[in-house]
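Here the structure is laid out as structure tokens; the discussion comes afterwards.
Positions are given from 1 along the sequence. Atoms within a ligand are numbered from 1 in the order they appear, just like the ligands themselves. All values below come from the heavy atoms of this structure, side chains included, with hydrogens, waters and symmetry mates left out.
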Amino acid sequence: MAAATFKTLPLSTSPNSPSTLQALREQLDRLESESLLRRRRVVNSPCLTEVNSEGASLLSFASNDYLGLAAHPVLAESAAEGAKRWGVGSGASHLVSGHTAVHEALEQALASFVGCDAALVFSTGYLANIAVMPALLGRNGEIFADRLNHASLVDGALLSRATVHRYAHNDTTALEKLLAASTARDKLIVSDGVFSMDGDVAPLGELLSLAERHDAWLLIDDAHGFGVLGPQGRGSIASAGLRSDRLIHMATLGKAAGVSGAFIAGTRTVMDWLLQKSRPYIFTTAMPPMLAHVLLHALALIEDADDRRHALMQRIAQLRRGLPGKLLPSTTAIQPLLVGDNAAALQLSAALRENGIWVPAIRPPTVPAGTARLRISLSAAHTEDQVARLVAALVQHSEAAT
Ligand SMILES: *Cc1c(COP(=O)(O)O)cnc(C)c1O
């Protein structure tokens, strides 16, 4: 076998290894000493509220599976059916030969679900977020971005090479000043709809009126609102009752939808333009058609999931009642408990783990320095008893800390 001729290179710091290897090791050690080293936990079960991880059975408040669809038997069945009908791979990018009838149907269903003319599907939300700004703006454009926007929006703005102005979180007065001072022809305002690490909702109506007044695009990332907020889970934009040709919707399909992928929706003209110019749509393999097949079923479940959304809202209210004054002001499934110090956040997360509860500690650079937190995320699949267990554990640990 030819494979036998490949030798594994030793990982070492022998005199032949590059000096940069040593530098990397030192930087990793420094991250660890500052409680900033990240590590993965291996999970040995489907994404449910009770998971098995590294030998422990844990009650999880760590996923974005807000409606409890990620391991839904109907969707697992649909995946098997999708693989039988479509195979497992698309074989090519959308513009070459990978755009199947089921991708087409999914794009149409998503567009009509959020009330837009057209939509394009992407393999991940990260790709969708680096797709729009570089296609709509060039070097002479200006982007106005909320300071707490998701990293993928930060990267999308950078890739566009436009000038980026970051405004204080949800501060529409600061945003208006920046817009008034701008001389650019091409302008775009960009914001999370629901902020991923704070759980609060952007002032969408005000953002849209500013966009209209200053002739700017408005790009809203609804990763955490889609499926959860608005009538039938149509998202934060529908919840605010907004419609506009200058509004560009983005949402992910790996959170409330329980699968994987993302989409951009808007007017036909903007989608036609993205199809020509958007590199993360053009130069990548189309998502497996079997996933598009599952996503059509997930969308139908979302539309029909008022009971799940109701259960989720009840769990949110229960958690907030149990921990008065301790959580950041959020009405969504993301309920952060601000700790501040990195090591203290890790310790609290570890203490909960000892009690069989998984709540991740979120540290910089995901959140600003000095604002490390526990990010509790709730799901419609959590029971009242499970939330009560979390409340009791947090009350016990915060009493121990004071
Ligand atoms: C998760 C997330 C993304 C990225 O989506 P993926 O599909 O996971 O790549 C983008 N924006 C926000 C606000 C997110 O929370």
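Aromatic ring centroids of Phe226 and His249 lie 6.0 Å or more apart. Taking the six-membered ring for Trp and the full ring otherwise, Phe263 and Phe113 have centroids separated by 6.0 Å or more.
Partner of His169 under the side-chain hydrogen bond (donor to acceptor under 3.5 Å, both in side chains) criterion, chosen from Asp198, Asn149, Asp200: Asp200.
Some N or O of Lys255 is nearer than 3.5 Å to an N or O of ligand 1, by distance alone. Considering both main-chain and side-chain atoms, Thr252 never comes within under 3.5 Å of ligand 1 through any nitrogen or oxygen pair.
Looking at atom 11 (N) of ligand 1, its nearest protein heavy atom turns out to be Asp221 OD2, 2.5 Å. Given atom 6 (P) of ligand 1, the protein heavy atom at minimum distance is Gly125 N, 3.3 Å. For atom 4 (C) of ligand 1, the closest non-hydrogen atom of the protein is Tyr126 N, 3.7 Å.
The environment of CZ in Arg39 is crowded: more than 12 heavy-atom neighbours from other residues, nucleotides or ligands sit within 6.0 Å. The environment of CZ in Arg268 is sparse: at most 12 heavy-atom neighbours from other residues, nucleotides or ligands sit within 6.0 Å. Heavy atoms from other residues, nucleotides or ligands lying under 6.0 Å from CZ of Arg213 number more than 12.
Using a 4.0 Å cut-off to heavy atoms of Asn129, the atoms of ligand 1 that qualify are 10 (C), 11 (N). Within ligand 1, the atoms closer than 4.0 Å to a non-hydrogen atom of Ser196 are 15 (O), numbered from 1 in the order shown. Near Ser152, the atoms of ligand 1 lying under 4.0 angstrom from a non-hydrogen atom of the residue are 10 (C), 11 (N).
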Review item, side-chain donor-acceptor pairs of residues 89-98, under 3.5 Å, at least two apart:
unit_1, atom_1, unit_2, atom_2, d
Ser90, OG, Ala92, O, 3.3
Ser90, OG, Ala286, O, 2.6
His94, ND1, His99, ND1, 2.9
His94, ND1, Tyr281, OH, 3.2

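Counting only non-hydrogen atoms, the option in His150, His224, Met250 that gets closest to atom 3 (C) of ligand 1 is His150.
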